[in-house]
Trainee: 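Take a look at this one; I'll ask things after.
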Amino acid sequence: MSAFPDIEKISFEGPDSRNPLAFRYYDENEIVEGRSMRDHLRFSVVYWHTFRGNGADPFGMPTLNRPWDDGSESLDNAKKRVAVAFEFMEKLGVPYFAFHDRDVAPEGSDLAESHANLDAVVEVIEQEMQRTGIQLLWGTANLFSNPRFMHGAATSPNAEVFAYAASQVKKAIETTQRLGGVNYVFWGGREGYQNLYNTDIKREMDNMGRFLNMAVDFAKQIGFTGQFLIEPKPKEPTKHQYDSDAAACINFLRAYGLMDHFKLNIETNHATLAGHTMMHELDYAGAQGCLGSIDANTGDTLLGWDTDQFATDYYLTAQTMLIILKYGGLGSGGVNFDAKVRRESIDPVDLFHSHIGSMDAFARGLKIAAAIRADGAIEDFVKTRYANWDTGLGVDIESGKHNFETLEKMMLEQGDAAANISGRQEMLENIFNRYL
Ligand code: XUL
Ligand code: CO
């Protein structure tokens with residue numbers, strides 16, 4: 001039985017279309033910079049928000065109408081949900097999805113039963129993946145919802161919680177491998193602290209490093225070749241999260257010998273919670289060779305928490321795609337909609353409106369970014385701005401021919417540095433706007 005009987009497969013109708021259930025910009029076959037939009041964007045739907053979100057918030061009960069879901073934690077309900085998820089993704093036309101172990105299958109009364117429940121639902125997922133050709137962008141383990149993780153998982157002061165988390169991640173990596181997942185994500189749900197009076201930061205960080213190294217060893221042992229990703233977020237649910245932003249994650253990866261095994265999954269709302277723009281986090285990660293994938297969403301400028309809204313702002317999507325193109329694309333990563341409909345958007349069709357709008361916004365952002373790159377004015381300006389590093393003194397400094405003494409000698413002779421040139425920020429902002 002269809003969960004969305006009135007909705008046909010969403011098709012591309014072009015910018016003039018007035019049909020809210022059609023794409024205006026996302027034409028999966030359109031070629032941009034030599035690659036199809038489908039391959040550039042690698043859209044992915046998340047199981048947790050889209051199929052498990054119910055509209056509840058800290059002030060109110062569930063609101064969303066999901067006629068196919070009986071609201072129970074039964075295995076039967078979990079299996080029925082899989083068919084709905086794949087009908088939705090097939091009609092939307094996305095190539096990927098992502099899930100946490102506990103999104104798809106209920107937790108059992110002990111670990112063995114939880115593993116068995118996961119296997120039972122994964123069997124149905126496997127069949128649906130085969131039927132539709134939809135692939136797994138990434139799997140992950142939920143190490144934050146159950147009360148056992150109240151003090152963290154890999155960073156828990158309780159060693160048995162570390163052991164439980166390791167067992168859960170082992171199973172989640174095996175499951176991701178079974179489903180041919182192309183990445184595996186670690187988001188440190190409660191890997192942080194609420195108060196330093198009760199916290200041994202050094203021990204917690206060392207244990208997190210130990211945990212991720214065990215994951216790397218296990219992946220090697222079973223031949224899992226998907227890319228490991230860390231997803232930075234500065235706070236919520238903990239007051240301070242260790243993986244707070246791209247820079248903190250990269251420092252952590254270097255400190256624990258993990259740089260060769262991990263990249264980053266950058267999420268927009270996490271970037272802004274950290275006091276950065278998405279563009280900053282992407283460029284920083286890219287500059288360090290760590291740009292892996294993105295969780296596409298947006299926060300609300302008036303709210304200081306992780307609202308996980310669908311991104312529709314062309315500035316945001318164009319800036320995001322500009323940096324992604326700059327670093328040659330997302331590789332095995334994708335544009336993963338870690339976003340949820342508002343609790344007032346109660347109908348199943350709202351799931352379509354939200355994804356269609358954001359897919360279109362990213363498609364349009366991709367085209368804007370490609371046009372800006374084709375124009376070349378911004379890139380040329382940056383080249384010119386640093387041009388003196390390509391001749392004379394700049395080359396000598398960068399090739400190690402100078403030290404403080406030689407530089408002082410030169411400046412004492414010369415008296416002062418050459419005059420600066422304008423940064424032209426406003427002109428560059430205007431050039432960007434030409435293509436919006
Ligand atoms: C939480 C968040 C997670 C991760 C996966 O803010 O973004 O859903 O993406 O655990
Ligand atoms: Co996320």
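Numbering starts at 1 and runs along the sequence shown. Atoms within a ligand are numbered from 1 in the order they appear, just like the ligands themselves. Note that these values count all heavy atoms, side chains included, but never hydrogens, waters or copies made by symmetry.
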Trainee: For the ring pair Phe186 and Tyr184, is the centre-to-centre distance below 6.0 Å?
Mentor: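 Phe186 vs Tyr184: aromatic centres under 6.0 Å.
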Trainee: Shortest non-hydrogen contact from Leu118 to Ala105?
Mentor: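 Taking every non-hydrogen atom into account, CA-CB, 3.7 Å.
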Trainee: For a quick check under 3.5 Å, do Tyr315 and Asn433 share a side-chain donor-acceptor pair by atom type?
Mentor: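 Their side chains do contain a donor-acceptor pair, which is all the 3.5 Å distance test asks for.
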Trainee: Applying a 4.0 Å heavy-atom criterion (strictly less than), which segment of Asp306 is in contact with ligand 1: side chain, backbone, both, or neither?
Mentor: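 The part of Asp306 near ligand 1 is the side chain, not the backbone.
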Trainee: Quick one: do the Asp101 and Gln168 side chains pair a donor with an acceptor below 3.5 Å?
Mentor: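 Judged by distance alone, the side chains do pair up.
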Trainee: Assess the side chains of Asn19 and Glu13: does a donor N or O sit below 3.5 Å from an acceptor N or O?
Mentor: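 Side-chain D/A pair, Asn19 to Glu13: present.
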Trainee: Considering only N, O or S atoms, which atom of Asp295 is nearest to the Co ion (ligand 2)?
Mentor: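 Atom name of the closest N, O or S in Asp295: OD2.
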Trainee: Against heavy atoms of Trp48, which atoms of ligand 1 measure under 4.0 Å?
Mentor: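 Those qualifying, in numeric order: 8 (O), 9 (O).
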Trainee: For the Co ion (ligand 2), which N, O or S atom of Glu267 is at the shortest distance?
Mentor: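 The atom in question is OE1.
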Trainee: Which bit of Glu236 is near ligand 1, meaning a heavy atom under 4.0 Å away: side chain, backbone, both or neither?
Mentor: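 Answer for Glu236: neither.
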Trainee: Check whether Tyr314 forms a cation-pi arrangement with Arg364 (NZ or CZ under 6.0 Å from the six-membered ring centre, at most 45° off the ring normal).
Mentor: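 Yes - Arg364 lies over the ring of Tyr314, closer than 6.0 Å to its centre and within 45° of its axis.
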Trainee: Short N/O distance, under 3.5 Å, between Glu231 and ligand 1?
Mentor: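 Indeed, backbone or side chain, Glu231 has an N or O that close.
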Trainee: Should the pair Arg148 and Tyr164 be classed as cation-pi, given the thresholds of under 6.0 Å to the six-membered ring centre and 45° from the axis?
Mentor: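 The answer is yes, since Arg148 meets both limits relative to Tyr164.
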Trainee: Please note down the angle at the Co ion (ligand 2) between OE2 of Glu231 and OD2 of Asp338, to the nearest 10°.
Mentor: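 With the Co ion (ligand 2) as the vertex, OD2 (Asp338) and OE2 (Glu231) sit 160° apart.
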Trainee: With a cut-off of 2.8 Å, does Asp308 place any N/O/S atom under that distance from the Co ion (ligand 2)?
Mentor: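 Short answer: no, not a single N, O or S atom is under the cut-off.
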Trainee: Does any N/O atom on His270 come nearer than 3.5 Å to any N/O atom on ligand 1?
Mentor: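 For ligand 1, there is an N or O atom that lies under 3.5 Å from one belonging to His270.
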Trainee: Just distances here: any N/O of Asp338 and N/O of ligand 1 closer than 3.5 Å?
Mentor: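 By distance alone, the answer is yes.
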Trainee: Atom 5 (C) of ligand 1: which protein heavy atom is closest, and how many Å away?
Mentor: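 Nearest protein contact, heavy atoms only, for atom 5 (C) of ligand 1 is His100 NE2, 3.2 Å.
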Trainee: Pick one: which of Phe23, Phe97, Phe337, Tyr96 meets ring-ring contact (aromatic ring centres under 6.0 Å, His included) with Phe43?
Mentor: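 For Phe43, the ring-ring contact (aromatic ring centres under 6.0 Å, His included) check succeeds only for Phe337.
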Trainee: Specify side chain, backbone, both or neither for Asp295, according to which of its non-hydrogen atoms lie closer than 4.0 Å to ligand 1.
Mentor: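 For Asp295, the contact with ligand 1 is made by the side chain alone.
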